[in-house]
Amino acid sequence: MQAVRQCSTCGSRAAGALLKTELRHSTQTRGVCSRLLRNPEKILFSKSHALKFAGWKDAHTTPASSNLHQNLYAVPFTQQVENLSHDSLIKRAASVVTDSSNTFLSQATLAFIDALTDHSKIVHRLIALQRRYLSSVGKMTPAEEDSLKQVVNGQRQEVRDSRDECKRYESMYIHAVNLCKMSADSAYISGAVQACLTVRTNIQMAQSQVEEAQKTSANADKRLAEIKVEEIQRMAEYAASFDSGEELEIHEAYLRED
């Protein structure tokens, strides 16, 4: 009887312990569920913890498959597949060509316009020096006249150098315009209509800016040619007056001897 009483006591204790464990397990499980419901964004990141806490074993989960699941969580599910047809690739290549030709045109145009502007400034400085020289003919000492001549000759050399630089950049500008025209035609044929229109617009803008700079430079060269003609006339008049003065002095000396 005592042994039976002890067995029943042990059984009741074991049943009570099991009941307490189940109650604790259910309470903790409800706590986890309530936390997940309050923070649903943590569901994807607490899968392994929930499985361990519930006592489950993910028999189908391997290191490779777990990495795959993590990658799937990080990568968006909707991705657009790029169009890799021949037409699309040709269109992209034509757009790249037009972008490069536009860059070449802009740089060549800027260099050519700056060269024309500098040439105009150098020519105007030479014109000012030549006017000063013409107004001082016969009024300077030989040393002053030689010094001014050296300055004028140095300025003339700068004008020649600037003219050569303008020709060099003009050649680059012409090549850039021709390249842009060919790239525009290629873009139009390939279907890149917007790139074609952009290139042609840039060509027109570059040509208008260059034409304006060329007019300014041409006007400066025209003024330089006019002042050159004035210089020739002034020096001829000065030489004629100098020769007539010498003839007059010789004639008066001859009369005195008579």
Side-chain angles (χ1 to χ4, degrees), residues 82-83 85-135 148-234:
E82 296 183 356
N83 187 7
S85 63
H86 291 299
D87 292 337
S88 63
L89 292 176
I90 292 174
K91 187 183 297 184
R92 290 183 183 182
S95 299
V96 172
V97 172
T98 54
D99 292 340
S100 300
S101 61
N102 282 329
T103 303
F104 182 30
L105 176 63
S106 63
Q107 294 298 327
T109 302
L110 180 61
F112 187 31
I113 292 175
D114 287 345
L116 291 172
T117 304
D118 293 340
H119 176 71
S120 300
K121 293 178 181 180
I122 295 172
V123 169
H124 283 297
R125 286 199 294 267
L126 177 58
I127 292 173
L129 288 174
Q130 286 185 333
R131 288 188 179 279
R132 178 184 173 186
Y133 175 75
L134 293 178
S135 62
L148 186 56
K149 281 183 177 180
Q150 290 179 1
V151 175
V152 171
N153 291 331
Q155 193 67 26
R156 285 175 178 172
Q157 183 62 40
E158 290 186 10
V159 170
R160 287 190 290 268
D161 294 339
S162 65
R163 188 174 288 114
D164 293 338
E165 187 175 6
C166 288
K167 291 179 180 179
R168 184 169 65 89
Y169 284 121
E170 183 180 11
S171 177
M172 293 183 183
Y173 164 75
I174 293 174
H175 284 297
V177 171
N178 293 332
L179 180 61
C180 285
K181 289 180 179 179
M182 289 188 293
S183 66
D185 294 339
S186 300
Y188 181 78
I189 293 173
S190 64
V193 180
Q194 186 61 40
C196 174
L197 295 177
T198 301
V199 175
R200 290 178 178 176
T201 302
N202 292 337
I203 291 174
Q204 293 177 357
M205 293 178 60
Q207 288 176 341
S208 62
Q209 294 175 358
V210 167
E211 287 176 0
E212 184 177 356
Q214 285 177 331
K215 288 180 181 179
T216 303
S217 178
N219 291 332
D221 290 335
K222 182 179 180 181
R223 291 297 303 156
L224 181 61
E226 291 175 354
I227 197 67
K228 184 65 177 178
V229 174
E230 293 179 7
E231 180 182 2
I232 294 173
Q233 293 176 353
R234 181 70 181 85

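Given the structure is predicted, the values throughout are model-derived calculations rather than measurements. The figures here come from the full heavy-atom set of this structure, side chains too, leaving out hydrogens, waters and symmetry mates.
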Colleague: Just to verify, what does Leu134 make a side-chain contact (heavy atoms from CB on, under 4.5 Å) with, not counting sequence neighbours?
Modeller: Ile227, Glu230, Glu231, Arg234

Colleague: Can you name the residues that form a side-chain contact (heavy atoms from CB on, under 4.5 Å) with Ala176, not counting sequence neighbours?
Modeller: Phe104, Leu105, Ala108

Colleague: For side-chain contact (heavy atoms from CB on, under 4.5 Å), just list the numbers for Val152 and Arg156, CA-CA rounded to whole Å, side-chain angles, deciding distance to a tenth of an Å, and then say yes or no.
Modeller: CA-CA 6 Å; Val152 171; Arg156 285 175 178 172; 3.7 Å; yes

Colleague: Any chance you could lay out the side-chain contact (heavy atoms from CB on, under 4.5 Å) test for Ile90 and Ser190, step after step, and finish with the verdict?
Modeller: CA-CA 6 Å; Ile90 292 174; Ser190 64; 3.7 Å; yes

Colleague: How far apart are the closest heavy atoms of Cys180 and Asn102, and which atoms are they?
Modeller: SG-N, 4.2 Å

Colleague: Tell me, please, which residues at least two apart from Lys167 pass side-chain contact (heavy atoms from CB on, under 4.5 Å).
Modeller: Arg163

Colleague: Rounded at 0.5 Å granularity, tell me how far CD in Gln194 sits from OG1 in Thr198.
Modeller: 4.5 Å

Colleague: Please determine, by modelled atom types, if Asn153 and Gln157 share a side-chain donor-acceptor pair under 3.5 angstrom.
Modeller: no

Colleague: Above 12 or not: heavy atoms from other molecules or residues under 6.0 Å from NE2 of His175?
Modeller: no

Colleague: For Arg125, which residues count as a side chain to side chain donor-acceptor pair (under 3.5 Å) partner, sequence neighbours excluded?
Modeller: none

Colleague: Can you sort out the partners of Val210 under side-chain contact (heavy atoms from CB on, under 4.5 Å), two or more places apart, ordered by chain and number?
Modeller: Thr109, Phe112, Ile113, Tyr173, Gln214

Colleague: Check Ala220 against Ile127 and note the closest heavy-atom contact, atom names and distance.
Modeller: O-CD1, 3.9 Å

Colleague: Output the distance between atom CG (Leu224) and atom CD1 (Ile122), rounded to the nearest 0.5 Å.
Modeller: 12.0 Å

Colleague: List for me each residue that meets side chain to side chain donor-acceptor pair (under 3.5 Å) alongside Ser217, sequence neighbours excluded, and say none if there are none.
Modeller: none

Colleague: Which pairs count as ring pair (Phe, Tyr, Trp, His ring centres under 6.0 Å) when at least one residue sits in residues 187-210, sequence neighbours excluded?
Modeller: none

Colleague: The criterion is side chain to side chain donor-acceptor pair (under 3.5 Å); which residues satisfy it with Tyr169, sequence neighbours excluded?
Modeller: none

Colleague: Test: salt bridge (charged side-chain N to carboxylate O under 4.0 Å, His left out). Region: residues 168-189. Which pairs qualify, not counting sequence neighbours?
Modeller: Asp185-Arg200

Colleague: With rounding to the nearest 0.5 angstrom, report the CD to OG1 distance, Gln107 to Thr103.
Modeller: 7.5 Å

Colleague: Nearest 0.5 angstrom please: Asp114 CG to Glu165 CD, how far?
Modeller: 9.5 Å

Colleague: Could you note down all residue pairs passing salt bridge (charged side-chain N to carboxylate O under 4.0 Å, His left out) where residues 187-198 supplies at least one of them, sequence neighbours left out?
Modeller: none

Colleague: To the nearest 0.5 Å, what is the distance between CZ on Arg160 and CG on Leu126?
Modeller: 9.5 Å

Colleague: In the structure I gave you, are the side-chain heavy atoms of Asp118 and Ser162 within less than 4.5 Å of one another anywhere?
Modeller: no

Colleague: Does the side chain of Thr117 come within less than 4.5 Å of Thr216's, by heavy atoms?
Modeller: no

Colleague: Are there over 12 heavy-atom neighbours, none belonging to Glu212, within less than 6.0 Å of that residue's CD?
Modeller: no

Colleague: By side chain to side chain donor-acceptor pair (under 3.5 Å), which residues pair with Asp99, not counting sequence neighbours?
Modeller: none

Colleague: Enter the distance from His119:NE2 to His124:NE2 here, rounded to the nearest 0.5 Å.
Modeller: 9.5 Å

Colleague: Search all heavy atoms of Ala192 against all heavy atoms of Ser95 and return the closest pair with its distance.
Modeller: CB-OG, 4.0 Å

